[in-house]
Number of protein chains: 2
Amino acid sequence: MVSGISLKELAAELNLAPSTVSRALNDSYEISEQTKKRVLSMAEKLNYHPNPFARSLRENKSKTIAVIIPERINNFFAQVMDGIESITQEHGYHLLVYSTHEDLEKEKKIVNLLLNGRADAIVMSVSSQTSDISHLRKLYDRGLPILFFDRICSEIPTTKFITNDFQSTLEATRHLIQQGCKRPAFLMLSEDISITKERHRGFLAALKEAGIEHNPEFSKVCCQREERNIEILAELLNRPDRPDGILSSVEKLALASYHAAKKLKLRIPSELKVISFSNMGIAGLLNPSLTTIIQPACTIGEECAKILIKKLTKPNQPDLPNEVITIPSKLIIRESTLAE
Amino acid sequence: MVSGISLKELAAELNLAPSTVSRALNDSYEISEQTKKRVLSMAEKLNYHPNPFARSLRENKSKTIAVIIPERINNFFAQVMDGIESITQEHGYHLLVYSTHEDLEKEKKIVNLLLNGRADAIVMSVSSQTSDISHLRKLYDRGLPILFFDRICSEIPTTKFITNDFQSTLEATRHLIQQGCKRPAFLMLSEDISITKERHRGFLAALKEAGIEHNPEFSKVCCQREERNIEILAELLNRPDRPDGILSSVEKLALASYHAAKKLKLRIPSELKVISFSNMGIAGLLNPSLTTIIQPACTIGEECAKILIKKLTKPNQPDLPNEVITIPSKLIIRESTLAE
DNA sequence: AAGAAATACGCAAACGTTTTCGAAATTATA
DNA sequence: TATAATTTCGAAAACGTTTGCGTATTTCTT
């Protein structure tokens with residue numbers, strides 16, 4: 001017998017109508033202080049807890065927000081989650097969390113599960129495979145507030161949070177060049193997603209600025225499997241005209257680069273410089289320590305949550321505006337990009 | 001207008017009773033194949049999605065499982081989460097995820113939120129601060145299936161999943177001693193929680209076995225703040241009779257040890273050997289690479305979920321048996337414990 | 001061919017809330 | 001003192017499902 005006492009039973013115990021008890025518990029002005037006290041203490045005594053589903057059914061809202069991320073074992077997304085939770089928890093919201101594992105099919109399934117209104121809103125970062133966006137459009141058309149971060153979907157007119165992908169990659173690449181790189185490579189998970197495009201653009205802009213001609217084969221699309229990525233990178237780094245620098249647009253490819261370099265006995269940073277987007281706490285403990293572009297993950301999470309909470313709790317809020325909000329990243333220079 | 005069409009409206013559209021439509025959608029034997037087809041296609045056409053709250057209210061179950069973990073930015077817990085999700089998703093269950101940030105007060109708040117039946121079951125790992133367990137008992141008394149993993153609460157009679165904490169620490173400490181450590185230290189987050197006790201016991205057993213007398217001051221309780229931990233460890237490592245080996249019962253303290261060693265210019269492994277419980281994917285890339293005891297995180301998550309799903313989906317299941325299930329860890333030897 | 005069994009569906013209650021409306025009882029107003 | 005205004009509460013509907021029970025229609029018995 002999981003369920004406890006109901007409002008009706010509580011009311012019966014008090015010789016009051018359910019409506020009165022409901023109002024008392026919700027601190028309505030229509031109820032005298034005396035009865036409120038009586039109700040509260042009896043509720044406490046009988047261990048009454050309002051049934052959330054009855055309430056959700058009646059009020060047509062669930063005090064629940066769904067979060068969809070591409071992967072959990074990733075410091076950036078974990079930090080964003082913490083940021084979101086810190087705000088939503090304050091306002092009594094619950095978090096349904098789903099991981100797509102970078103799989104579009106899984107993403108579609110998850111999104112379809114949310115079509116029934118189980119969550120009041122959705123904040124998500126699309127998978128690296130997400131080119132078709134019909135499932136997202138369905139969500140949007142249903143009127144569910146959606147909010148994107150990092151891997152955004154620009155076709156859906158809503159609010160999106162990103163970091164200054166272009167600018168920070170531009171500066172990171174400048175740093176790479178300044179440290180002596182002549183033939184930097186760019187690593188990505190997919191050509192389709194938003195951040196890749198922006199970061200690649202920033203990368204190319206820096207090369208052009210420095211008068212370096214880019215070999216398109218040095219812009220490498222990698223995959224999900226670690227082993228395969230190490231192979232791909234080893235192959236790249238084994239070329240006679242191999243890259244002497246790497247800008248990785250995601251954390252895991254920087255690590256694959258380290259492994260590949262280790263395998264080929266290429267020394268970092270003297271023979272290969274590496275820089276990466278990453279929110280690892282221990283970048284400084286790697287061998288050698290990794291120069292990183294740190295994204296404001298926690299802040300992004302908090303800002304997402306704040307906007308959503310405002311939209312959900314204040315009456316008559318307009319739809320989430322169709323705008324892209326940028327929060328800058330920070331470049332932390334460590335050993336992996338040191339000039340000799 | 002978030003909510004779509006209702007069952008009633010769908011029924012009206014079909015000139016059928018809501019009960020018939022409900023049964024058709026649930027594939028009841030009482031409905032003819034022909035009407036089932038008609039209903040299904042109309043539901044598809046009108047984009048009907050059953051309201052989960054109405055269903056939950058009626059059926060008194062939510063197809064939701066709550067997971068409470070001490071922190072998200074931790075490979076072990078992230079992997080457990082993935083394990084849980086892989087099973088629950090198959091069965092159409094949703095995951096409410098909460099992080100206590102190792103804070104007992106937060107844990108209590110979260111647990112109290114779950115008293116109302118929002119989730120059909122709970123799987124959790126208690127915070128390192130959890131000594132008082134009255135909130136957990138309240139949950140249990142309510143009849144909600146609870147399941148513990150890793151940081152278990154032995155006072156609650158239910159199923160718990162752990163790794164072989166004693167045995168694996170015993171072996172890890174043996175390894176440390178075998179590599180030449182004379183004065184190993186043990187690092188922990190709290191003396192109260194289950195895993196710490198077991199691991200400490202294993203540690204001490206190995207010392208006794210080797211005839212090493214243990215200095216109690218070498219069993220260090222650390223805290224949550226990284227900086228403070230580095231201070232504590234630096235102090236420990238600055239003693240004239242400083243430890244020459246470290247067994248860290250949690251990942252983050254191994255990293256703090258690395259930082260402290262770096263600060264004191266102590267060389268690992270020649271001057272200090274380090275071994276730690278950790279599920280970091282990149283332990284091999286640290287400087288030096290870190291010898292780790294890897295817990296079967298994903299499996300633990302899967303097993304938790306399997307048991308829970310069985311309990312929740314099969315009718316007339318008995319309560320979760322009061323037993324502790326052990327899944328062994330694996331010792332991966334790397335550079336940080338190499339004898340010179 | 002008449003009764004029994006099986007098939008296919010509808011009516012209405014129930015789950016536990018919130019809220020609209022109405023109506024007593026009390027207090028203030030003239 | 002009679003009436004108006006205020007305070008405080010109750011009755012009942014509604015949210016969208018599922019399900020026990022009743023019933024009309026068809027099919028199977030003998």
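Residue numbers begin at 1 in each chain, while the letters A, B, ... track the order of the sequences.
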Electrostatic pair [X]-[Y], nearest N-O below 4.0 angstrom:
{"X": "B:Glu30", "Y": "B:Lys36", "answer": "no"}
{"X": "A:Asp150", "Y": "A:Lys160", "answer": "no"}
{"X": "B:Lys61", "Y": "B:Asp120", "answer": "no"}
{"X": "A:Asp132", "Y": "A:Lys108", "answer": "yes"}

Measure the distance from [atom1] on [X] to [atom2] on [N] and round it to the nearest whole Å.
{"X": "B:Tyr29", "N": "C:dA8", "atom1": "OH", "atom2": "P", "value": "11 Å"}
{"X": "A:Phe53", "N": "C:dA14", "atom1": "CZ", "atom2": "P", "value": "22 Å"}
{"X": "A:Glu33", "N": "D:dT8", "atom1": "CD", "atom2": "P", "value": "9 Å"}

Phosphate oxygens OP1/OP2 of [N]: is one of them under 4.0 Å from a side-chain N or O of [X]?
{"X": "B:Ser22", "N": "D:dT19", "answer": "no"}
{"X": "A:Thr35", "N": "D:dC9", "answer": "yes"}
{"X": "A:Ser19", "N": "D:dG10", "answer": "no"}

query = Which angle, rounded to 10°, do you find between the first-five-pair axis and the last-five-pair axis of the helix from C:dA1-D:dT30 to C:dA30-D:dT1?
reply =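 Its terminal axes enclose an angle near 40°.
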ask   = Would you say the side chains of B:Asn47 and A:Lys138 form a donor-acceptor pair under 3.5 Å?
value =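 There is no such pair between these side chains.
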query = When all nucleic acid strands are considered with a 4.0 Å heavy-atom cut-off, which category describes A:Asn15: base, sugar-phosphate, or nothing?
reply =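 Contact class for A:Asn15: sugar-phosphate only.
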ask   = Parallel under 30°, tilted from 30 to 60°, perpendicular over 60°: which one fits the rings of B:His94 and A:Tyr98?
value =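 Ring orientation of B:His94 relative to A:Tyr98: perpendicular.
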